[in-house]
Structure formats: structure tokens, C-alpha cells
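Notes for the one structure printed next.
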Amino acid sequence: MTAISRTSALQKASASLAHMPLAAVARPTFGRTADPGELAEIARAVRLKIVRTIALAGLGHVGGDLSVTDILTTLYFGVLDIDPAHPEKPDRDRFILSKGHCAAAFYSVLSLRGFFDPDAVDTFMEPLAALNGHPNRRKIPGVEANTGPLGHGLPIGVGAAAGARLAGKAWRTFVVLGDGELQEGSNWEAAMTAGHRGLANLTVIVDRNRFQQGAGTETTNRLEPLGDKFRSFGWEAIDVDGHDTAALFAILAAHGTDKPRAVIAKTYKGRGVSFMEDKVDWHHKVPNAEQVQIALEELSK
């Protein structure tokens, strides 16, 4: 059977899973680790799952999913104080995927971390399935906020970080932003507020793959010098290789200064797949059967 074969048995299984409530599994596929090599291996498994998921669904944003994979993997398997068996525990760290269209990567990570059965990801984009094209906090354990309309995640994150401070709590808030979505003004209103309040418990990670739908960010609406823009709002700004799990872990696990922190993660759209990598076409394109097989072979090496 190929990676995208839709046999009647698989369709029936997916349909059945689509209507089942999602719940934590007893034994997660992967557990927590601070080892960069293990994080890189988990990221490879996530990428394989992303390609299979999007191929099966025939829909998705594979380029951005693959660019953000190392960031999500480092957070969920190495950094975040979370418990898949108790996703609502009050003192958990909060994570918000503002670029909600990269849901296939998010669901793959959540499932492999143990928030729900990895097989349920096969229902991605099925009619009425919980695992829709954008995350829904009412249907999916581990999701803190409904996202998809760009520019909403950071304002929500600022509210979460401010709430933790008001309550005297130590948990941290992390928000992943797409670089193209930084053209939304709501982000900069939120950044100004966070800087003014000195929300040191807030970390933003920008998936800086330099592409948005149809063109490069600098062609569409120039963002650079991005770090200086955040600094001008009272933030600490750090550049990092967004595919280096050791560097990501070192920065994200450490508590910062007395300022909110912007981690500008330099990434490549379609990371790990030769014909997708650093190509704008793969923002919202689905691989055909032959391309899927090539992608899976390359990601398995």
C-alpha cells in the first residue's frame, strides 16, 4: 500500500475515528528529552507524519508545516511544562500556534507527545472531524486557542502572560508566529503592550522562512530589520537557526531578562524535502503520489 492509498478499510477507520473524542494515550510515542539528537529524531518522525497526513487528506500547508517542525518539537518534547494526561492543569505553560494553518504539524506533534492517538491524525480535514484545518480548543486536548485568522495569536498570548503575572503564577507563555502574519497590525499593538508591561514570561518564536502565499515577505511587505523592530518595542530579540534543535533548546529553555523575548528562527519552507525546500510554490500545494514517495524516502534517511 502506498502512503496515500485510500482503501475502503482506511476510509471506514478514518470515519470512525473522526467522530470519537480525543483523549490522552497511556504510552506516548515519544517522551520528554533535553537531548538535541533525540529531538532531531523526533522532528524527523514528525515530518514523516506531516507528509503522510497531507497526502492522505489532499489538503494542507506542507511547506510551513515542515519549516516549523523543529520549533514545535523542541517546545513540546523539551521545553514546555505540560502533561498530556492532564492538559488543563492550572500551572501548565501556555502555547499558542498563531499560524494556525500549519495545523498538520501541530496535530502530529500533539499526537506523538501523547495528547491523543497518533492514528487519529489520519482524520485530518475529514468532514466534521475534530482535527480540522485550524486548531479548535474545544475539540482538541492541548490546544489553548482557536487560531487561523492571522494576527490573533500574539494578542492572546499577551493576555495569557499578563494573566499569569496578575495571578502571581510562574508558568510561561510561548507563541509561534509566521513571518508573513507580521504584516498584520494587531501583532504590533500586542508587541507594544508586552514591551510596555515588561512581560518577561512571554516568548515569541517567529518562523522566519521568508515566504508567504505567492511571494517572499520582503517583496510583499518588507519586515527587515525584524529584530530591531521588536527591540524598538522594548523586547529582547535573538536570531537562531530554526532547524538546530540544540540551539533552539538552549534559548527556549532558558528564562530571559526582564523583557519579553522574540526568537527569530531562520527556517526553510519545505525543510527536508529537496523539491520543496525554500520554494514558495509549496506554501499551499499537495504532493502527488510520486512526490510523496520521494519525500518519504528523503525524510527517512
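This chain uses plain numbering: 1 for the first residue, then up along the sequence.
Heavy-atom minimum distance, Ala57 versus Phe124: CB-O, 3.5 Å. Smallest separation of non-hydrogen atoms from Trp235 and Ala194: CZ2-CB, 3.6 Å. Among all heavy-atom pairs drawn from Asn146 and Arg137, the shortest one is OD1-N, 2.8 Å. Summarising the geometry of Pro135 relative to Ala103, their closest heavy-atom pair is CD-CB, 4.2 Å, with the distance given to 0.1 Å. Nearest heavy atoms, Phe115 versus Pro87: CE2-CB, 3.9 Å. Nearest heavy atoms, Ala237 versus Gly227: CB-O, 3.7 Å.
Using modelled atom types, no side-chain atom of Asn132 and backbone atom of His134 make a donor-acceptor pair closer than 3.5 Å. With Lys279 contributing its side chain and Gly63 its backbone, the two residues share no donor-acceptor pair below 3.5 Å. Between the side chain of His61 and the main chain of His101, a donor-acceptor pair closer than 3.5 Å is present. Side-chain atoms of His283 never come within 3.5 Å of backbone atoms of Gly64 as a donor-acceptor pair (strictly under, hydrogens ignored). A side-chain donor-acceptor contact under 3.5 Å links Glu224 to the backbone of Leu226. Judged purely by atom type and a 3.5 angstrom limit, Ser98 has no side-chain atom pairing as donor or acceptor with the backbone of Val176. The backbone N or O of Asn288 lies less than 3.5 Å from a partner atom in the side chain of Gln291, making a donor-acceptor pair.
Here the straight-line distance linking atom CD1 of Ile140 with atom OG of Ser111 works out to 11.0 Å at 0.5 Å rounding. Atoms OG and CG, on Ser108 and Leu48 in that order, are 10.0 Å from each other to the nearest 0.5 Å. With rounding to the nearest 0.5 angstrom, the CG atom of Leu202 is 6.5 Å from the CG atom of Leu154. Arg94 CZ to Asp81 CG: the interatomic distance, rounded to the nearest 0.5 Å, is 10.0 Å. To the nearest 0.5 Å, atoms CG (Asp117) and CG (Leu22) are separated by 9.0 Å. A distance of 9.0 Å separates CG in Asn221 from OG1 in Thr217, rounded to the nearest 0.5 Å.
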Would you please test Trp188 and Phe230 for side chain to side chain contact (heavy atoms under 4.5 Å, CB included) and show each step?
CA-CA 9 Å; Trp188 298 105; Phe230 275 102; 3.9 Å; yes

Derivation and outcome, side chain to side chain contact (heavy atoms under 4.5 Å, CB included), residues Lys269 and Leu66
CA-CA 6 Å; Lys269 217 165 189 89; Leu66 295 175; over 6 Å; no

Please walk me through it: do Val109 and Phe77 pass side chain to side chain contact (heavy atoms under 4.5 Å, CB included)?
CA-CA 9 Å; Val109 167; Phe77 294 90; 3.9 Å; yes

Run Val204 and Val263 through side chain to side chain contact (heavy atoms under 4.5 Å, CB included) and show every step you take.
CA-CA 6 Å; Val204 158; Val263 177; over 6 Å; no

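Ile50 and Leu97 fall within a single hydrophobic cluster, where Ile, Leu, Val, Met, Phe, Trp and Tyr are joined by side-chain heavy atoms under 4.5 Å apart, directly or via other members. Phe211 and Leu223 are members of different hydrophobic clusters when ILVMFWY side chains are connected at heavy-atom separations under 4.5 Å. With hydrophobic clusters built from ILVMFWY side chains whose heavy atoms lie under 4.5 angstrom apart, Met276 does not share a cluster with Val280. Note on Ile251 and Leu72: same hydrophobic cluster, where clusters join Ile, Leu, Val, Met, Phe, Trp and Tyr whose side-chain heavy atoms are under 4.5 Å apart, directly or indirectly. Under the 4.5 Å side-chain contact rule for hydrophobic residues, Phe106 and Ile54 share a cluster.
In summary, Asp278 and Arg210 engage in a salt bridge, as defined by a charged side-chain N under 4.0 Å from a carboxylate O. The existence of a salt bridge linking Arg92 and Glu144 is confirmed by a sub-4.0 Å separation between a basic side-chain nitrogen and an acidic carboxylate oxygen. Using a 4.0 Å cut-off between a side-chain N of Lys or Arg and a carboxylate O of Asp or Glu, Arg261 and Glu236 qualify as a salt bridge. Note on Asp207 versus Lys99: salt bridge recorded, some NZ/NE/NH1/NH2 to OD/OE distance being below 4.0 Å.
In this structure, Arg32 places its CZ atom where more than 12 heavy-atom neighbours from other residues, nucleotides or ligands lie under 6.0 Å away. Counting heavy-atom neighbours within 6.0 Å of Lys266 NZ, excluding the residue itself, gives a total of 12 or less.
Defined by atom type and a distance below 3.5 Å, a donor-acceptor pair is missing between the side-chain atoms of Arg208 and Ser67. Residues Glu181 and Gln212 bring no donor and acceptor atom of their side chains to less than 3.5 Å of each other.
Taking 4.5 Å as the limit, some side-chain heavy atom of Leu296 sits within range of a side-chain heavy atom of Val292. With a 4.5 Å cut-off on side-chain heavy atoms, Leu248 and Leu39 do not count as touching. Using a 4.5 Å heavy-atom cutoff, the side chains of Phe95 and Ile82 are not in contact. A heavy-atom distance below 4.5 Å is found between the side chains of Gln183 and Thr220. Within the 4.5 Å cutoff, no side-chain heavy atoms of Val240 are placed close to those of Ile264. Considering only heavy atoms from C-beta on, Val273 comes within 4.5 Å of Leu299 through its side chain.
Within the structure, the side chain to side chain donor-acceptor pair (under 3.5 Å) test picks out the following pairs touching residues 68-78 (sequence neighbours left out): Arg47-Asp70, Asp70-His243. Residue pairs meeting the salt bridge (Lys or Arg N to Asp or Glu O under 4.0 Å) criterion with at least one member in residues 104-116: none, sequence neighbours excluded.
Taking the ring centroids of Trp282 and Tyr268, they lie at or beyond the 6.0 Å cut-off.
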Under 3.5 Å, which donor-acceptor pairs link side chains of residues 155-175 to any protein atom two or more places apart or in another chain?
from, atom 1, to, atom 2, distance (Å)
Arg165, NH1, Arg197, O, 2.4
Arg165, NH2, Arg197, O, 3.3
Arg165, NH2, Gly198, O, 2.5
Arg172, NH1, Leu252, O, 3.2
Arg172, NH2, Leu252, O, 3.3
Arg172, NH2, Ala254, O, 3.2

